[in-house]
Amino acid sequence: MTTDVVEMLKEPRMIKICAPMVRYSKLQFRTLVRRYGCDICFTPMILADSFVQSSKARDNEFTTHEKDQPLIVQFAAKTVNDFVDASEMVAPYCNGVDLNCGCPQRWAMQEGYGADLLRKPELVKDLVYQVRNRIPRPFTVSAKIRLLKDIRQTITLCQTLEKADASFLTIHARTPEMRNEPIDLDKLKLLRDHVQLPLVANGDAKSLESAESLFKESGCEGVMSARGILTNPALFSGHSATPLACVQDWLDITSTVPIEFQCFHHHLVFMLEKILPRTERLLFNSLQNKSSVLEFLDSYYNIKPNASDSMELTRCNFSASRVRCKEKYINCWEDDSSTNFLGCIFNTDL
């Protein structure tokens, strides 16, 4: 793929980005938000070691098609070999990779992933540097971080990543300890003053107006939305709530590229949150199968899936030389239920 994400970030406009959300920013949702003004999409966070070592992990965690670009694949990694190998495997099918240095979930930090990497700047530098040296531009190598309590340490980390030749950085302007508090805009602006790399601002972009305000006030080149775009996939096109046309698009897309019921339903629960009256919303949220969901939408909104053009998925031929199978990881993928190795992970880094 030849799209140059760095050149996009140099454009004199707000670059609109869909965040990496475990379970939720999969191909079907990326296809949807691209119809409503989203410029760049991230995949869900993928564990690099499992991706390298298990074909079942790859089949479950990475799906794309030729129109799914610009696309950034985000990995959780803590060793250079895993990050390099996983990056080389996906490089023919995406525009860049991103290192997750921001996930605050306890399991991730205990395993040495996500925000735990904020305490290991030299390791983060090496992870980025080694991938950058292996895959030529315009392929991008970036990192998504959270703020450290000491802003000077955050500035130093960003400058370290600059020296490692990172392509850009995404800044979730909260510390790992923060949850629903407002983002720290002052610290984000201070980072912008001390870092030369293109920056993407993440946090509190819940409408087009708030995204544009964050873009102007922070001085960042792009704005990433997570919870806001999950609730309203048409956010970047200026809609204040999910339009029914967007719900229709979701039904059409998922009838062409099927998705497991739980994810299909959860997306609709988010989309209808602001437009369904409370009684009907409680009923809809309790539905247990796809036929009942489709029946509800048909009777309440007169919406049903329409036959659409087929979407040919890209056949990914991952290099066998990069696959280092180990029995303990393969076993994790023998169960297709919602409690498998990655399927049980929900992202709270929104």
Side-chain angles (χ1 to χ4, degrees), residues 1 20-31 41-100 103 105 107-108 111-114 127 130-131 134-135 139-142 253-254 256-264 266 310-347:
M1 295 189 178
M21 295 175 283
V22 173
R23 275 202 173 182
Y24 293 122
S25 46
K26 293 186 176 182
L27 173 63
Q28 295 86 342
F29 188 67
R30 300 196 302 267
T31 301
C41 289
F42 279 57
T43 67
M45 182 186 74
I46 299 169
L47 291 176
D49 58 355
S50 298
F51 191 83
V52 171
Q53 294 154 350
S54 166
S55 61
K56 198 162 189 178
R58 293 189 289 278
D59 292 341
N60 275 280
E61 295 305 306
F62 185 76
T63 312
T64 188
H65 59 72
E66 63 177 9
K67 295 182 180 180
D68 184 28
Q69 63 169 306
L71 176 64
I72 305 294
V73 178
Q74 189 189 70
F75 288 111
K78 58 183 178 182
T79 71
V80 167
N81 284 344
D82 284 333
F83 192 37
V84 169
D85 288 355
S87 298
E88 289 190 324
M89 292 172 77
V90 299
Y93 312 109
C94 64
N95 303 95
V97 293
D98 185 78
L99 178 65
N100 185 309
C103 181
Q105 294 184 76
W107 73 266
E111 293 293 325
Y113 297 117
L127 289 164
Q130 295 297 338
V131 174
R134 295 285 283 273
I135 307 176
F139 190 86
T140 61
V141 185
S142 58
I253 291 167
T254 52
T256 302
V257 183
I259 192 169
E260 64 272 16
F261 169 72
Q262 188 178 50
C263 192
F264 167 78
H266 281 181
S310 62
M311 189 183 302
E312 185 173 352
L313 301 182
T314 299
R315 295 176 62 88
C316 299
N317 182 23
F318 298 116
S319 171
S321 65
R322 292 295 166 195
V323 180
R324 304 191 311 277
C325 290
K326 294 184 180 178
E327 192 67 24
K328 66 175 181 177
Y329 289 102
I330 295 174
N331 288 343
C332 291
W333 286 95
E334 290 305 313
D335 178 13
D336 281 330
S337 73
S338 62
T339 58
N340 66 27
F341 189 48
L342 289 181
C344 62
I345 298 168
F346 283 85
N347 187 20

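For the single chain, residues carry numbers from 1 onward in sequence order.
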Can you find a heavy atom in the side chain of [X] that is under 4.5 Å from one in the side chain of [Y]?
| X | Y | result |
| --- | --- | --- |
| Pro20 | Asp98 | no |
| Val141 | Ile135 | no |
| Asp82 | Gln53 | yes |
| Phe83 | Gln130 | no |
| Lys56 | Ser50 | no |

Output the distance between atom [atom1] ([X]) and atom [atom2] ([Y]), rounded to the nearest 0.5 Å.
| X | Y | atom1 | atom2 | answer |
| --- | --- | --- | --- | --- |
| Phe318 | Phe62 | CZ | CZ | 6.0 Å |
| Ile46 | Asn100 | CD1 | CG | 11.5 Å |
| Ile72 | Ser25 | CD1 | OG | 12.5 Å |

Looking at Val52, Val73, Val97, which one forms a side-chain contact (heavy atoms from CB on, under 4.5 Å) with Met89?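 Result for side-chain contact (heavy atoms from CB on, under 4.5 Å) with Met89: Val52.
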Could you please spell out the steps behind the side chain to side chain contact (heavy atoms under 4.5 Å, CB included) verdict for Asp49 and Thr79? CA-CA 9 Å; Asp49 58 355; Thr79 71; over 6 Å; no
Measure across Glu66 and Thr314 and return the closest heavy-atom pair with its distance rounded to 0.1 Å. N-OG1, 3.7 Å
Do you know which two heavy atoms are closest between Cys263 and Arg23, and how far apart they sit? SG-O, 3.2 Å
[X] side chain vs [Y] backbone, donor-acceptor pair below 3.5 Å:
| X | Y | value |
| --- | --- | --- |
| Tyr113 | Phe75 | no |
| Asp68 | Leu71 | no |
| Gln28 | Pro258 | yes |

For Glu111 and Lys78, run side chain to side chain contact (heavy atoms under 4.5 Å, CB included): C-alpha distance rounded to whole Å, both residues' side-chain angles, the deciding distance at 0.1 Å, then the answer. CA-CA 9 Å; Glu111 293 293 325; Lys78 58 183 178 182; 4.1 Å; yes
Which residues pass the side-chain hydrogen bond (donor to acceptor under 3.5 Å, both in side chains) test with [X], not counting sequence neighbours?
| X | value |
| --- | --- |
| Thr31 | His65 |
| Thr43 | none |
| Glu260 | Lys26 |

Give the intermediate values and the outcome of side chain to side chain contact (heavy atoms under 4.5 Å, CB included) for residues Phe261 and Thr254. CA-CA 10 Å; Phe261 169 72; Thr254 52; over 6 Å; no
